[in-house]
Number of protein chains: 2
Amino acid sequence: MRITYRGDYALKTILDLALHYHNSPVTIHNLALRADIPIKFLEQILLDLKKGGFVESRRGKIGGYMLAKPPSKIKLGQIIRFMDGEISPIACVDNNYKRCSHISKCAFRSIWQKVADSTSRIVDNITFEDLVKKNKNLTSKFTYQI
Amino acid sequence: MRITYRGDYALKTILDLALHYHNSPVTIHNLALRADIPIKFLEQILLDLKKGGFVESRRGKIGGYMLAKPPSKIKLGQIIRFMDGEISPIACVDNNYKRCSHISKCAFRSIWQKVADSTSRIVDNITFEDLVKKNKNLTSKFTYQI
DNA sequence: ATAATCTCTATCATAATAGTAGAGTATAAG
DNA sequence: CTTATACTCTACTATTATGATAGAGATTAT
């Protein structure tokens with residue numbers, strides 16, 4: 001797994017929306033500003049997140065973005081997989097990988113599988129509700145806001 | 001961490017050399033053939049591995065490559081780091097990363113650190129001696145050789 | 001001498017990544 | 001019913017990493 005800027009920006013944006021879950025929609029402008037993301041790049045990311053069913057939008061005045069489901073129902077792993085692809089260190093342990101001619105024979109494969117499993121166990125065990133709580137702790141200590 | 005072909009090829013090559021540790025040097029030709037690696041690409045990889053102190057070479061007839069140290073002294077993680085860089089899902093948890101302005105404040109950083117740690121724990125706990133043993137088991141079952 | 005083998009440097013093609021640009025569409029408010 | 005605000009959509013672009021390929025040179029056993 002490698003987290004790209006796309007993925008990183010998506011995660012920060014979802015967290016921002018989670019922090020404003022019960023408020024009015026958040027504009028792309030504000031999301032971009034707070035997380036220091038190029039606005040036109042974020043536009044594309046948000047459209048993808050919308051297609052993925054993670055966020056909803058409203059146009060026009062008082063428009064903006066909001067989460068499509070509660071923060072407790074969105075796991076880190078879901079966003080990572082959606083934006084950056086499979087959680088594995090190498091393609092041969094991806095789901096749907098068919099081309100490796102000696103899957104059962106390669107001494108490395110089980111190791112890559114182990115790495116993929118341990119990573120998944122971490123990112124699939126954290127929801128954005130958890131991160132909201134964590135962030136509020138951090139914020140109170142360090143006056144940081146996203 | 002993402003394993004590239006360069007890294008993958010290097011790992012397979014080191015394992016091949018480990019399997020022939022007490023024999024005469026192995027030629028690039030044979031290494032490339034057995035692991036199905038483009039020979040000119042493997043040449044470069046081997047020169048790098050030599051610079052890294054992992055392998056030694058002999059030129060001329062009866063030339064070839066051999067490990068510079070016993071398989072028990074080479075860990076998977078060493079080769080991965082040398083060929084593909086740091087074991088972390090994102091740059092902000094790399095050693096020597098200086099630019100992140102709010103390291104202590106980002107809700108994600110400790111998660112990436114956890115992922116890096118759990119991955120390191122796996123790949124730094126396996127030597128090529130372990131893989132040699134494992135491969136011999138696999139080989140006896142499936143008649144596979146590398 | 002020569003054949004086999006490693007050594008070194010340069011070059012190249014493709015794809016992924018990280019954006020940028022600009023015209024279009026919907027909506028709240030006056 | 002116009003206007004300002006904000007999301008939508010498609011196309012384009014620059015840079016870098018990746019995965020090679022090419023060819024001339026150096027070394028060594030026989």
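The shown structure was predicted, so the numbers you read here are calculated from the model rather than taken from an experiment.
L46(A) comes within 4.0 angstrom of no nucleic acid atom, judged by non-hydrogen atoms across all strands. As judged by a 4.0 angstrom heavy-atom cut-off over every strand, K51(B) is placed among residues making no nucleic acid contact.
Counting to the nearest Å, the C1' atom of dC9(D) and the CG atom of L42(A) are 16 Å from each other. The separation between L47(B) atom CG and dG25(D) atom P is 18 Å, rounded to whole Å. Computed from coordinates, the E43(A) CD to dT10(D) C1' distance equals 12 Å when rounded to whole Å. Remark: P of dT28(D) and CZ of R58(B) are 10 Å apart, rounded to the nearest angstrom. Rounding to whole angstrom units, NZ of residue K50(B) and P of dT27(D) are separated by 11 Å. Residue Y65(B) contributes atom OH, which lies 14 Å from atom P of dT28(D) at whole-angstrom precision.
For K12(B) and D36(B), the salt-bridge test fails: no basic side-chain N is under 4.0 Å from an acidic carboxylate O. With respect to the salt-bridge test (charged N to carboxylate O, under 4.0 angstrom), the residues R2(A) and D84(A) do not qualify.
Closest of all the heavy-atom pairs between Y65(A) and I28(A) is CE1-CG1, 3.6 Å. The minimum heavy-atom distance between S118(A) and I122(B), with the atom names listed, is OG-CD1, 3.8 Å.
Protein chain B contacts DNA chain C from dA4(C) to dA10(C), reading 5' to 3' and using non-hydrogen atoms of the protein with a distance under 4.0 Å.
Here the side chain of Q44(B) pairs no donor or acceptor atom with the backbone of F41(B) at under 3.5 angstrom. The main-chain N or O of A107(A) is found under 3.5 Å from a side-chain atom of K134(B) such that the two form a donor-acceptor pair.
Between the side chains of T127(B) and K73(B), no donor-acceptor pair is found at a separation under 3.5 Å. Looking only at atom types and distance, the side chain of Q113(B) has a donor-acceptor partner in the side chain of D117(B) under 3.5 Å away.
For Y5(B), the OH atom sits in a loose shell: 12 or fewer heavy atoms of surrounding residues, nucleotides or ligands are nearer than 6.0 Å.
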Between the protein and nucleotides 18-20 of chain D, are there any N/O to N/O pairs under 3.5 Å, and if so, what are the atom names and distances?
unit_1, atom_1, unit_2, atom_2, d
dG19(D), OP1, Y5(B), N, 3.4
dG19(D), OP2, Y5(B), N, 3.1
dA20(D), OP2, Y9(B), OH, 3.0

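S57(A) has a side-chain polar atom (N or O) that falls below the 4.0 Å cut-off from OP1 or OP2 of dT8(D).
For the pair I62(A) and I39(B), both in contact range of DNA chain D, the more 5′-proximal nearest nucleotide belongs to I62(A).
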